[in-house]
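On a predicted model such as this, the values are computed, not experimentally measured, just so you know.
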Amino acid sequence: MVHEWALAEAVLATASRAAGGKIVKSLKVVLGELQNVDVEILRFAISELKRGTDLEAAEVEFEVEPAVFKCEVCGTEWRLDDALLNDREREAIHFVPELAHAFLKCTSCGSPDFRVVKGRGVWIKELVSNG
Amino acid sequence: MVHEWALAEAVLATASRAAGGKIVKSLKVVLGELQNVDVEILRFAISELKRGTDLEAAEVEFEVEPAVFKCEVCGTEWRLDDALLNDREREAIHFVPELAHAFLKCTSCGSPDFRVVKGRGVWIKELVSNG
Amino acid sequence: MDPRLAVIPFRLGGVKRIIVVCSGKGGVGKTLISTLFALLASQRGKRVGLLDLDFHGPSVSVVLGCRGCTPLEDKGLIPVEVAGVKVMSLDFFAGSAPLPLRGRDATEALIELLAVTRWGELDLLVVDSPPGTGDELLDAVRLLKGVEALVVTTPSKLALSSVSRLVGLLKAARVPVLGVLENMRVEDDVNVQRMAAEWGLVYLGWLPYDRDLERALGDPSALFSTSVSRSLERILETANLLA
Amino acid sequence: MDPRLAVIPFRLGGVKRIIVVCSGKGGVGKTLISTLFALLASQRGKRVGLLDLDFHGPSVSVVLGCRGCTPLEDKGLIPVEVAGVKVMSLDFFAGSAPLPLRGRDATEALIELLAVTRWGELDLLVVDSPPGTGDELLDAVRLLKGVEALVVTTPSKLALSSVSRLVGLLKAARVPVLGVLENMRVEDDVNVQRMAAEWGLVYLGWLPYDRDLERALGDPSALFSTSVSRSLERILETANLLA
Ligand SMILES: Nc1ncnc2c1ncn2[C@@H]1O[C@H](COP(=O)(O)OP(=O)(O)O)[C@@H](O)[C@H]1O
Ligand SMILES: Nc1ncnc2c1ncn2[C@@H]1O[C@H](COP(=O)(O)OP(=O)(O)O)[C@@H](O)[C@H]1O
Ligand SMILES: [Mg+2]
Ligand SMILES: [Mg+2]
Ligand SMILES: [Mg+2]
Ligand SMILES: [Mg+2]
Ligand code: NI
Ligand code: NI
Ligand SMILES: [Zn+2]
Ligand SMILES: [Zn+2]
């Protein structure tokens, strides 16, 4: 059940590029809730894949940013309620978070026209390297 | 030659709504360069249209923000060079600034895929009202 | 504080009814039908506007034969008048240049057009829409208060799968749908009728595939005498959309 | 620092050639032709992928008859395989739900799909594109390094005006254009040939309007025996695109 492996590869490649050859000491990765990443699998994948690289010794910390939506029509903001999604929908959003637009609607006016304000994407928030 | 009149109406309606019934003392309006607004006509239109309204006594100041584009492909930033446009193109952009995408290209890689970073739109930057 | 948004309701204040012709699918006849709809309503003495929302491929001017016309500037923009219809389209400004607008640009362009166009008093504003369910359509729903939809499809499976998605979107957005119009029918088949029933929508009727239509493009009076125009007139009449 | 962008070149590292089938105009046969192209190339023993970039109306799965299939997850997503072609489409995830994506969402969805899909080794990745010249197409040009274009049009004035704009865009963006393919020809006419010459592009040939095509949709083996498929095969062969 893992495109977490794809993500692990991506995070390591980006971090290693950013470190520019220096040894990376620590890394803070933010995961949007919509990405629905299994943090334990990601942690494991990263620990496996970083062996023998500049990141071998890096301590990796994760932070999940909760998803917030905002309606383009009425301005209402709301949070993701997993309970409103069935397994198939949750899985679809896990693969491509934009599919939230297929399955969610404004909790106040019902509009499908909303913006993902938070909880989207994956990024490296902090990187500490040696020297 | 003026949709400056349309703009004048829009600026006054927005300012009056924002002031919520109070007397407006002064107003600073920013005009994107791409809008290609004739400031003198706009000034005249506003001075005509504000008569007998809550904005009658308002001092109105204008500021033109130069246009800056940034290429989505190669990242180059550049400024608007009117000399590269013919009259018809300049006029078109005056009506609908997005038509810049029809007539301009990245100065470095030639891509038509760029972002208007600055110089787009019209907004009220400052509004001072009585009491 | 964007002053353009404040002026839009004022610009549309004299417009009694707004109908967007949409599909989700491309090439089903949205542009042809929206243009004919405007022409037919104008012929009946209605005051009609036609707004071309297909910013990447504006083409009501191709159907009407008014490419190269320019809206006049007079305290705003005065639409081009063709056969009694007041027309506004990016084609008037872009000529044959490419229109590589991203969604954010389409939103801005629509706001700009709505803020500046002086429609005056209209009984009906017909809006031609691009394929897809992207920024242009979402912004039309958001910015054109009270807009109603006319859904166009062909009988093909390939069209119906996209139209289904559009219908779901219109329902969620609570846009009243006047009905489903079948276009380019080549054989007897009840597929579209059945789908309309499934969607809970009125099936308005069908327009034939007309080999001679192409030659009438660009000439309003020739368009009036096509079989497509005659069929459409009957359907719109029955649906009470020309009264 | 978006880690997804870092992984895209790696995901596409085993892909020898990427060809986007595009038009600017909707309903000209992009989806049909891109799918047939993929099927024909696969039949010749090539390793072929098919990426559906029409996020609002994904429908290569309608042509192939593989709606409801799901890509497997294995250190990424494994495309669905149909008649030897590796297929990736939002339809596999969205089912029949509406897809009201704004341009910014389409960009994100494309980045996500490219970052996660494991194409493996491919001789050819065919990309079906939506109508218009918006985010999907601009991002394909931006993110799919070395992409080439195959332009599809019908002979109608209404198609050619949009296709002209697309061609202008492809030139500005320096995308190599393999040629222009005319689809749904109903009568002898040199209009598209003349336009191709005007654009400075190769005219590849034409496909007939085929009334029996509709019945073959959803069944790859039935598709192979349509006149459209046979004509396309000859054209692609001549253009050296199946070798
Ligand atoms: N009833 C019809 N008979 C024959 N051709 C038609 C008919 N309706 C539309 N067409 C043609 O089909 C093509 C697509 O029509 P168009 O109005 O441009 O569709 P859309 O706006 O949905 O993309 C055009 O070439 C048009 O001339
Ligand atoms: N050569 C052809 N003969 C008959 N019908 C065709 C032909 N090519 C495409 N079609 C039909 O035309 C419609 C539009 O084709 P499609 O591939 O969906 O176009 P696009 O992807 O450009 O929107 C579909 O119903 C399709 O089955
Ligand atoms: Mg993901
Ligand atoms: Mg303007
Ligand atoms: Mg159209
Ligand atoms: Mg298609
Ligand atoms: Ni997973
Ligand atoms: Ni002016
Ligand atoms: Zn809402
Ligand atoms: Zn550039």
Side-chain angles (χ1 to χ4, degrees), chain C residues 23-32 54-59 61-63 67 91 94 96-107 130-135 137-139 154-173 186-187 211 213-214 217-218, chain D residues 23-32 54-59 61-63 67 91 94 96-107 130-135 137-139 154-173 186-187 211 213-214 217-218:
Chain C
S23 173
K25 180 68 181 169
V28 297
K30 291 179 295 299
T31 298
L32 178 76
D54 189 348
F55 292 157
H56 298 131
S59 50
S61 50
V62 176
V63 179
R67 295 199 81 179
D91 186 52
S96 58
L99 285 161
L101 307 186
R102 284 181 176 269
R104 61 181 185 239
D105 306 313
T107 297
T133 47
D135 293 80
L137 197 74
L138 295 171
D139 286 324
T154 69
S156 173
K157 283 190 208 59
L158 274 171
L160 289 166
S161 68
S162 291
V163 178
S164 275
R165 297 188 202 273
L166 170 79
V167 170
L169 166 61
L170 294 173
K171 289 196 171 166
V186 283
E187 59 184 27
R211 273 194 176 229
L213 181 82
E214 182 69 24
L217 293 177
Chain D
S23 172
K25 180 67 181 169
V28 297
K30 291 179 294 299
T31 299
L32 178 76
D54 189 349
F55 292 156
H56 297 131
S59 49
S61 51
V62 177
V63 179
R67 295 198 80 181
D91 186 52
S96 57
L99 286 162
L101 306 186
R102 286 182 174 269
R104 61 180 184 239
D105 306 314
T107 297
T133 46
D135 293 79
L137 197 74
L138 295 171
D139 287 324
T154 69
S156 174
K157 285 190 205 58
L158 273 171
L160 290 166
S161 67
S162 291
V163 178
S164 276
R165 297 188 202 274
L166 171 78
V167 170
L169 167 61
L170 293 173
K171 289 197 172 168
V186 283
E187 57 183 32
R211 275 194 175 227
L213 179 80
E214 181 70 23
L217 294 177

> Relative to chain D, which segment of C:T107 carries a heavy atom at a distance below 4.5 Å: side chain, backbone, both, or neither?
Replying inline: side chain
> What are the two closest non-hydrogen atoms of C:R165 and D:H56, and how far apart are they?
Replying inline: CD-O, 3.4 Å
>> With a 4.5 angstrom heavy-atom cut-off, is it the side chain or the backbone of C:S96 that approaches chain D, or both, or neither?
In response: backbone
>> Only pairs of heavy atoms separated by less than 4.5 Å count here; which of D:L32, D:L99, D:T154 has the most with chain C?
In response: D:L99
>> Quick check on the interface: out of D:P131, D:S162, D:S164, D:A97, who has the most heavy-atom pairs with chain C under 4.5 Å?
In response: D:A97
> Contact part of C:V28 toward chain D, heavy-atom cut-off under 4.5 Å: side chain, backbone, both or neither?
Replying inline: neither
> Given the options D:D91, D:D54, D:L170, which has more heavy-atom pairs under 4.5 Å with chain C than any of the others?
Replying inline: D:D91
>> A side-chain contact here means heavy atoms from C-beta on lying under 4.5 Å apart; do D:R104 and D:D135 qualify?
In response: no
>> Which atoms of C:L217 are under 4.5 Å from chain D, going by heavy atoms: the side chain, the backbone, both sets, or neither?
In response: both
> Among D:A173, D:P58, D:G24, D:A159, which residue forms the greatest number of heavy-atom pairs with chain C at distances under 4.5 Å?
Replying inline: D:P58
> In terms of heavy-atom pairs under 4.5 Å, which option from C:T31, C:V62, C:L166 contacts chain D the most?
Replying inline: C:V62
> Going by heavy atoms in the side chains, are D:T133 and D:L138 under 4.5 Å from each other?
Replying inline: no
>> So, taking the atom named NZ in C:K30 and the one named OG in C:S23, what distance separates them when rounded to the nearest 0.5 Å?
In response: 5.0 Å
> Counting distance only, does the side-chain N/O of C:R211 pair as donor-acceptor with the main-chain N or O of D:E187 below 3.5 Å?
Replying inline: no
> Listed by chain and number, what are the salt bridge (Lys or Arg N to Asp or Glu O under 4.0 Å) partners of D:D105, not counting sequence neighbours?
Replying inline: none
> What pair of heavy atoms forms the shortest contact from D:K157 to C:E214, and how long is it?
Replying inline: N-OE2, 2.8 Å
>> For chain D, which candidate among C:P100, C:G168, C:S59 shows the most heavy-atom pairs at distances under 4.5 Å?
In response: C:P100
> Highest number of heavy-atom pairs under 4.5 Å with chain D: which of C:L101, C:L137, C:V63?
Replying inline: C:L101
>> What I want to find out is whether D:R102 reaches C:D139 closely enough, with some N-O distance under 4.0 Å, to be called a salt bridge.
In response: yes
>> Is any side-chain heavy atom of C:S161 closer than 4.5 Å to one of C:K25?
In response: no
>> Counting only non-hydrogen atoms closer than 4.5 Å, does C:P130 touch chain D with its backbone (N, CA, C, O), its side chain (CB onward), both, or neither?
In response: neither
> Can you tell which of C:A94, C:P155, C:G218, C:G103 has the highest number of heavy-atom pairs within less than 4.5 Å of chain D?
Replying inline: C:G103
